[in-house]
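So the structure is just underneath, and the comments pick up after that.
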2 protein chains.
Amino acid sequence: MRTTIYDVAKKAGVSIATVSKVFNKKGNISTETIQHVLQVAKELNYKPSFVASALTGKSTNTIGLLIPDIANSFFSEMARSIEDRGHELGYTVVICNTDNLPEKEAQYLEWLQRKSVDGIILGTGATSINVMKTLQKDRIPTALVSREIPGFNVNMVLCDDFQGAFEATEHLLKLGHTNIGFITAAFDNLCEQTRLEGYKAALKKHKVPFKEANIFSGNMSIEQTKQNVKEQLSEISKMTAFFAVNDLVAIGLIQGLKEQGFSLPNDMSIVGFDNTMLAVINDPSLTTIAQPIQKMGQLITDLLIDEINGVQAKKEKIVMKPELIIRKSAIKYKPDLKWAEN
Amino acid sequence: MRTTIYDVAKKAGVSIATVSKVFNKKGNISTETIQHVLQVAKELNYKPSFVASALTGKSTNTIGLLIPDIANSFFSEMARSIEDRGHELGYTVVICNTDNLPEKEAQYLEWLQRKSVDGIILGTGATSINVMKTLQKDRIPTALVSREIPGFNVNMVLCDDFQGAFEATEHLLKLGHTNIGFITAAFDNLCEQTRLEGYKAALKKHKVPFKEANIFSGNMSIEQTKQNVKEQLSEISKMTAFFAVNDLVAIGLIQGLKEQGFSLPNDMSIVGFDNTMLAVINDPSLTTIAQPIQKMGQLITDLLIDEINGVQAKKEKIVMKPELIIRKSAIKYKPDLKWAEN
DNA sequence: CTGAAAGCGCTAACAT
DNA sequence: ATGTTAGCGCTTTCAG
């Protein structure tokens with residue numbers, strides 16, 4: 001078996017209490033003893049068990065991260081940042097892909113609790129009020145990224161979705177577009193709703209009437225969005241521009257349109273949201289609203305860990321400022337487009 | 001505190017052993033008792049602690065996954081597949097971003113051991129012989145994905161790098177190119193070496209002499225690759241085509257070239273390796289060698305978990321067949337290119 | 001400055 | 001069919 005605290009204690013000729021103390025830098029142990037114990041531990045290649053220590057009430061140094069899909073750039077970039085910060089602070093992170101499915105989310109949450117994780121970061125869309133209630137009842141530190149659930153006093157950091165959507169839409173408006181579609185992904189979460197509000201607000205400011213018919217549904221899968229595009233092509237063709245709820249949808253739309261023979265950005269202007277690495281790579285490179293993903297991941301991790309350590313006065317809600325990044329997917333309105341007869 | 005097995009036992013009027021048995025479906029317990037215990041447990045919202053159970057020698061249902069960077073599509077797609085399969089089989093996965101740094105890798109490995117993970121999947125480039133030796137000595141089940149370390153009898157699944165590189169290069173050759181560069185990322189791992197060999201073999205078969213000068217160094221960061229491209233531009237311009245060691249490098253090269261005023265694919269043909277989602281999105285869409293990422297992740301997870309459960313005759317080495325996916329980044333050699341004077 | 005002992009929540013003989 | 005009990009490896013009073 002692996003070497004335990006007993007092995008070290010015996011070989012060092014001290015009690016296990018002493019060994020425990022030197023490893024936790026607690027109590028008063030003479031420098032000599034410390035040196036000696038450390039020496040012996042090293043010889044024996046002793047590695048204190050986190051699970052045994054956790055059982056005595058100490059933390060597991062683990063946080064759970066729930067996101068829809070780690071293969072999605074926005075979340076993988078977020079996960080990277082969270083894991084980095086966690087690692088710096090001595091935490092390990094377990095990822096949970098929920099696909100925005102309430103059942104999967106519930107399942108993961110239960111496992112995480114059974115594993116006694118120290119805290120949980122929710123970056124998933126499915127989270128219901130009930131889930132939040134349970135989490136609070138069980139007193140497990142929970143934080144929200146890029147996701148808001150009204151009515152709960154938890155740490156969260158998110159981007160100003162309203163403002164971002166407003167800027168995206170206004171950018172299109174200023175380019176002369178008026179037939180601007182809004183294409184969503186899942187649409188069951190507040191984040192997308194808020195972006196829709198921002199879109200509407202921009203239209204309103206510029207006195208362009210909002211039309212229900214200009215709302216289209218994409219999907220978090222590029223393939224599915226392409227499929228949707230195909231099916232809604234005639235309606236889509238009535239637009240000259242689109243604000244896509246996120247980069248992935250924007251790209252699905254672009255790919256779909258290209259497949260249908262559109263030449264971009266000439267035949268359609270598109271702006272996305274997130275500014276993941278995909279935005280740069282895409283053809284045409286994507287004009288989009290940047291969220292400071294890395295910073296957000298770092299902040300939420302800090303907040304969560306502060307809460308875990310009880311070093312926190314009150315819960316914070318940090319709202320980051322979005323930024324319009326102009327690339328090549330959105331250009332000036334051209335009145336001579338064949339389908340822009342309006 | 002959270003409710004424990006004692007709470008359930010007391011309220012149900014049975015012993016903790018009974019409760020334990022019903023939850024583990026062990027021993028002979030009357031149907032009535034089972035029902036009753038389950039009922040009480042539900043009322044109390046009892047969730048058996050994995051950490052306590054782990055301390056008694058049972059597994060933690062956790063596997064560790066070491067990869068260079070989860071924000072990199074190849075690894076995030078791989079991670080997704082591994083997590084999916086793990087989840088199906090009741091395992092949770094903790095991700096560790098090593099950046100191919102031996103220190104980080106060692107650090108993570110120690111933590112994982114201290115957390116008593118049931119097994120580890122290594123998808124990182126840094127892994128040294130020594131690390132593998134330690135892992136074997138400590139008898140912790142270890143598996144390798146997309147990475148080979150000769151001399152160790154461990155489960156692994158990888159893609160035929162030689163064959164893939166051969167096909168990529170031959171594709172370029174058949175398009176009429178002879179000045180074909182090879183651009184690498186880290187180059188310190190066997191995988192890249194093997195791809196280089198495949199590249200050389202294809203050249204040889206087609207009687208094109210291999211030149212050391214045609215090897216260029218890219219980087220796992222797109223930005224860094226672009227930088228490298230800038231610096232090596234004059235040498236790069238002597239090529240008419242490139243085989244990039246992976247999609248990320250290919251994309252860095254493409255972006256860098258475009259920034260330098262190249263028009264692609266006209267001015268340079270490029271083929272990548274991996275077929276991540278980036279390949280489709282990129283402009284021009286990337287001709288590349290597809291690895292069955294999803295299948296590989298699933299297979300390695302199965303193998304590892306089989307080993308954990310002791311249900312395995314011997315260690316497997318599964319080599320997947322790569323497949324050339326033709327898109328738009330590589331085209332016929334045009335003798336009239338201004339810098340193709342050879 | 002160091003050690004003995006209780007206990008964390010659960011499992012697995014071994015009894016009954 | 002069910003209960004008693006001895007650990008698992010560690011932390012933490014409390015004594016000495």
Side-chain angles (χ1 to χ4, degrees), chain A residues 1-38 40-41 44-62 110-118 138 140, chain B residues 1-38 40-41 44-62 110-118 138 140:
Chain A
M1 279 312 294
R2 63 190 281 173
T3 87
T4 73
I5 199 171
Y6 287 95
D7 304 321
V8 178
K10 186 188 280 178
K11 180 152 183 201
V14 298
S15 73
I16 60 164
T18 301
V19 177
S20 172
K21 282 169 194 154
V22 346
F23 270 88
N24 294 293
K25 303 189 203 308
K26 276 196 177 172
N28 266 359
I29 310 286
S30 71
T31 324
E32 292 170 16
T33 312
I34 294 182
Q35 294 305 326
H36 183 224
V37 168
L38 253 22
V40 171
L44 261 32
N45 193 26
Y46 169 61
K47 306 209 184 79
S49 157
F50 273 123
V51 350
S53 130
L55 193 56
T56 73
K58 303 196 68 174
S59 87
T60 51
N61 293 285
T62 306
E110 172 161 351
W111 282 9
L112 292 176
Q113 280 192 266
R114 293 187 53 188
K115 295 195 177 200
S116 304
V117 299
D118 299 323
D138 294 341
I140 139 148
Chain B
M1 278 314 295
R2 63 190 282 173
T3 88
T4 73
I5 199 170
Y6 288 95
D7 303 321
V8 178
K10 186 188 281 179
K11 180 151 185 204
V14 298
S15 74
I16 59 164
T18 302
V19 178
S20 173
K21 281 170 196 153
V22 346
F23 271 88
N24 294 294
K25 304 189 202 307
K26 276 195 179 172
N28 265 0
I29 311 286
S30 72
T31 323
E32 292 169 15
T33 313
I34 293 182
Q35 294 305 326
H36 183 225
V37 167
L38 253 21
V40 171
L44 262 31
N45 193 25
Y46 169 62
K47 306 210 184 78
S49 157
F50 274 123
V51 351
S53 130
L55 193 55
T56 73
K58 303 198 68 173
S59 87
T60 52
N61 292 286
T62 306
E110 173 160 350
W111 283 9
L112 292 177
Q113 279 192 267
R114 293 187 52 188
K115 295 196 178 201
S116 305
V117 298
D118 299 323
D138 294 341
I140 138 148

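Letters A, B, ... mirror the listed sequences (proteins, then strands); counts begin at 1. What you see is a predicted model, and the numbers here were worked out from it, not measured in a lab.
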Options [options], nucleotide nearest the side-chain atoms of [X]:
| X | options | result |
| --- | --- | --- |
| A:Thr56 | C:dC8, C:dT2, D:dT5 | C:dC8 |
| A:Asn28 | D:dT2, C:dC1, C:dC10 | C:dC1 |
| B:Ile5 | D:dC10, C:dG3, C:dG9 | C:dG9 |
| B:Leu55 | C:dG3, D:dG9, D:dT5 | D:dG9 |
| A:Ala17 | D:dC10, D:dT12, C:dA12 | D:dT12 |

Task: Any A:Leu38 side-chain heavy atom under 4.5 Å of A:His36 side chain - done: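 Answer no - side chains too far apart.
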TODO: By nearest nucleotide on DNA chain D, pick out whichever of B:Ser15 and B:Gly57 is the more 5' one.
DONE: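 Whichever sits nearer the 5' end wins; that is B:Ser15.
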Open item on the list: Between B:Ser30 and A:Tyr46, which residue's closest nucleotide on DNA chain D lies nearer the 5′ terminus?
Closed with: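 Between the two, 5'-proximity favours B:Ser30.
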Rounded to whole angstroms, how far apart are [atom1] on [X] and [atom2] on [N]?
| X | N | atom1 | atom2 | result |
| --- | --- | --- | --- | --- |
| A:Ile29 | D:dT12 | CD1 | P | 13 Å |
| B:Lys115 | D:dC10 | NZ | P | 15 Å |
| B:Lys58 | D:dG9 | NZ | P | 16 Å |
| B:Lys47 | C:dC8 | NZ | P | 20 Å |
| B:Ile34 | D:dT2 | CD1 | C1' | 12 Å |
| B:Ile16 | C:dG7 | CD1 | P | 14 Å |
| B:Gln113 | D:dG9 | CD | P | 15 Å |
| A:Asp7 | D:dC8 | CG | P | 11 Å |

Task: NZ/A:Lys11: more than 12 non-hydrogen atoms of other groups inside 6.0 Å - done: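 It does: A:Lys11 NZ has more than 12 such atoms within range.
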Are the side chain of [X] and the backbone of [Y] linked by a donor-acceptor contact shorter than 3.5 Å?
| X | Y | answer |
| --- | --- | --- |
| B:Asp7 | B:Thr4 | yes |
| A:Asp118 | A:Thr60 | yes |
| B:Arg2 | A:Ser116 | no |

Open item on the list: Quick one, B:Thr62 with B:Lys115, criterion side-chain hydrogen bond (donor to acceptor under 3.5 Å, both in side chains). Give me CA distance, side-chain angles, the key distance, then yes/no.
Closed with: CA-CA 9 Å; B:Thr62 306; B:Lys115 295 196 178 201; over 6 Å; no
OP1 or OP2 of [N] less than 4.0 angstrom from a side-chain nitrogen or oxygen of [X], does that happen here?
| X | N | result |
| --- | --- | --- |
| A:Thr18 | C:dT2 | no |
| B:Asn24 | C:dT11 | yes |
| B:Thr33 | D:dT2 | yes |
| B:Lys26 | C:dA12 | yes |

- [ ] Describe the nucleic acid contact of B:Val14 in one word from base, sugar-phosphate, nothing, applying a heavy-atom distance below 4.0 Å.
- [x]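 Since only primed, P, OP1 and OP2 atoms lie under 4.0 Å of B:Val14, the category is sugar-phosphate.
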- [ ] Scan B:Thr4 against the nucleic acid and name what it touches under 4.0 Å (heavy atoms): base, sugar-phosphate only, or nothing.
- [x]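 The residue B:Thr4 makes sugar-phosphate contact but no base contact.
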Open item on the list: Taking the nucleotide of DNA chain C with the nearest heavy atom to each, does A:Thr31 or A:Tyr6 sit closer to the 5' end?
Closed with: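 With A:Thr31 and A:Tyr6 compared, the 5'-side residue is A:Thr31.
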Task: Pair of N/O donor and acceptor under 3.5 Å linking D:dG3 base with B:Lys21 side chain - done: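 Under the 3.5 Å cut-off, the side chain and the base do form a donor-acceptor pair.
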